[in-house]
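Note that the numbering runs from 1 along the sequence shown for the chain. Indexing begins at 1, ligand by ligand and atom by atom, following the structure's order.
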Amino acid sequence: MDKIPYKTYLSENEIPSSWYNMRADMKRKPAPMLNPGTLQPMTAKELDKVFCEELIRQELDETTPYIPIPEEIRSFYQMFRPSPLIRAYFLEQALGTPAEIYYKFEGNNTSGSHKLNSAVAQAYYAKKQGLKGVTTETGAGQWGTALSMACAFFHLDCKVFMVKCSYEQKPFRREVMRTYGADVTPSPSMTTEVGRSINAAHPGTTGSLGCAISEAVEAAVTREGYRYVLGSVLNQVLLHQSIIGLETHLALKKLGVKPDVIVGCAGGGSNLGGLIAPFMGEKLRGEADYRIIAVEPASCPSFTRGKYAYDFCDTGRVCPLQKMYTLGHDFIPSPNHAGGLRYHGMSSTLSELYAQGLMEAAAVEQTRVFEAAREFARTEGILPAPESAHAIRVAVDEALRCKEQNRKERIVFGLTGTGYFDMVAYQKFNDGQMSDYIPTDEDLAASFAKLPKID
Ligand SMILES: *Cc1c(COP(=O)(O)O)cnc(C)c1O
C-alpha cells in the first residue's frame, strides 16, 4: 500500500455544501431550553429579542439532518478551508507507538482557531436580517477575534466583553480585535447592570465566561438593532462546526482509513461536537462504532465531575436554562491557562450523548497538558493553543496505551488552534512555575447548591 501523505487537503469544491445536524439522528433528543420564569420550553418568539432569526431556527431544528451552507458563507470558507488533515508521523516516531495518529488542523487562519467557522455564519445571518451589530463574550480571545474578522467582512458593529484575566494576560489579542474594528471591554465591567452587581458580589474577580455572557446579553437587548451571538455551547454553533468533521470524514475516506479513537478538547463543546458529528451520526444510525473522548481541564471538569441538570448558561442568570453537565453557574474556575475551556457548562447535545454512554470524557492537569504541547511543538512543528493541547495529551496517552498493548489503532484528534497569544502560559511552564489547581468536592458542592431546583 502507498504511504499515507503527511497532509491530506481536499480541493475547494470538496468543501461540504451542507452542515450536518447530529440531533436529527438522535432517538433521545437533548432536553429543550427552558424559560427560567415559566419553566416551559423557550419559543422562537421569546428568543427573538436575544438571537438572530435564522440562528434561532437552526437552534430549535432537531429534525433536519443536512442544512445547506449559503454561498456567501461557503465562499468565505474558501479563504481558509479546507483545512488539512495531517498524519503525525514524527510524533508517532518520538513516542515509538504502533498507533497511527492524525490531526485536523484548524489554526490556519488569523483568528488562530476553529471559531471562525461559526463566526462567519453568525455574522452573515445577522447582516441578512438587517441588524446594525452584535455583542458577544470572549474568554481566551479567539472567539472575539474570529467574530471581529467576520463582522469586518460583513460591515457589522461588534462589541466584545472579554474575561478580565485574559484581557490583562493577552493585550495583543485585544489589539487584533480592535484592528478588525471591534470594541473590547474587560468583564465584569461597570458598563452593564449585571457587571456592576457581579463586581459588588465578587470584589476583585478576574471574571469568567459566565459573567461575560451576562454582560453581552444585556448589552444586546438594551440596544436597538443588536443581537447577541455566542461562540460555543449552542446547537447552532455545533452545526456550523460540523464542517470540521465532514471534511475529516471525507479525507479519511479518501485515504481508506477508519479511525478507532476520536479525541477533542471540550470547553463548551463546539469543536468536539463539530469534529465528531458525521462519526457520531454513523454511530447513532448503527452503521459504525468509534470511541469518542472529550478532554477537559481538571480545573474545570464539567463532564467528569459536574451534574447533569438544568442550569443557567451565565452567572448573571439572564439566559435560558439548559440541561447540561454543569459545575453550577456560580462556579468561577481558577485562572488556568486554557481560557477557552473555562466554562461551567457544556453543550446540551454533547451532554445528552455522554449521558447515553455514546462518548467518554477525561480530565487532565495543566502541567501534563503543557508537556504534551511541548512534545508536539518539537516533533510536529506547530505551536498548539493550550486548549488544543488537552486533546494532544489524551491522543498521546492513547498512543502510549497502544504501545503497551502493541495495538495498531488509528487515533484522530482535533488541533483547534495555535498558541502564539499564550506565551505567558508557556513562560510559566518553561520556568517550572505552572500550578495544577483542582477544585475540591467542597468547592463544587457549594456551587451545586445554587443550581435551580427543577424536577
Ligand atoms: C474556544 C476554543 C476551544 C474550546 O471551545 P469549544 O467550543 O469547546 O470548541 C478549544 N480550542 C481553541 C483553540 C479555542 O479557541
**Prompt:** Has Cys265 got any heavy atom lying under 4.0 angstrom from an atom of ligand 1?
**Reply:** yes
**Request:** Decide whether a cation-pi geometry holds between Lys307 and Tyr325; the criteria are a distance under 6.0 Å from NZ or CZ to the six-membered ring centre and an angle within 45° of the ring axis.
**Result:** no
**Residue selection (non-hydrogen contact nearest atom 2 (C) of ligand 1) among Glu387, Lys115, Gln142** = Lys115
**Message:** Given 3.5 Å as the limit, does a donor-acceptor pair link the side chain of Asp443 with the main chain of Thr440, or not?
**Reply:** yes
**Fill in**
Across all chains, not counting sequence neighbours, the side-chain contact (heavy atoms from CB on, under 4.5 Å) partners of Pro297 are Ser299, Cys300, Asn336, Leu341, His390
**Message:** Between the side chains of Asp397 and Arg368, is the shortest nitrogen-to-carboxylate-oxygen separation below 4.0 Å, so that they form an ion pair?
**Reply:** yes
**Message:** Would you say the rings of Phe303 and Tyr308 are close, in the sense that their centroids are separated by under 6.0 Å?
**Reply:** no
**Prompt:** When the ring centroid of Tyr124 is compared with that of Phe153, is the distance short of 6.0 Å?
**Reply:** no
Among all protein heavy atoms in this structure, tell me which lies nearest to [atom], with the distance rounded to 0.1 Å.
| atom | value |
| --- | --- |
| atom 4 (C) of ligand 1 | Gly340 O, 3.4 Å |
| atom 7 (O) of ligand 1 | Ser232 OG, 2.4 Å |
| atom 12 (C) of ligand 1 | Thr416 OG1, 3.3 Å |
| atom 8 (O) of ligand 1 | Gly267 N, 2.7 Å |

**Asked** Short list, please: which atoms of ligand 1 are under 4.0 Å from a heavy atom of Gly269?
**Response** 6 (P), 7 (O), 8 (O)
**Request:** With heavy atoms of Ser113 as the reference, note each atom of ligand 1 found under 4.0 Å away.
**Result:** 13 (C), 15 (O)
**Asked** Checking salt bridge (charged side-chain N to carboxylate O under 4.0 Å, His left out) for the pair Arg291/Asp260: CA distance, chi angles, key distance, verdict?
**Response** CA-CA 6 Å; Arg291 271 184 73 208; Asp260 299 289; over 6 Å; no
**Request:** Can you establish whether the number of heavy atoms outside Lys49 located under 6.0 Å from its atom NZ is more than 12?
**Result:** no
Does an N or O from [X], backbone or side chain, lie closer than 3.5 Å to an N or O of ligand 1?
| X | result |
| --- | --- |
| Ala266 | no |
| Leu341 | no |
| Ser388 | no |

**Item:** ligand 1 contact on His114 by region, counting heavy-atom pairs under 4.0 Å
**Value:** side chain
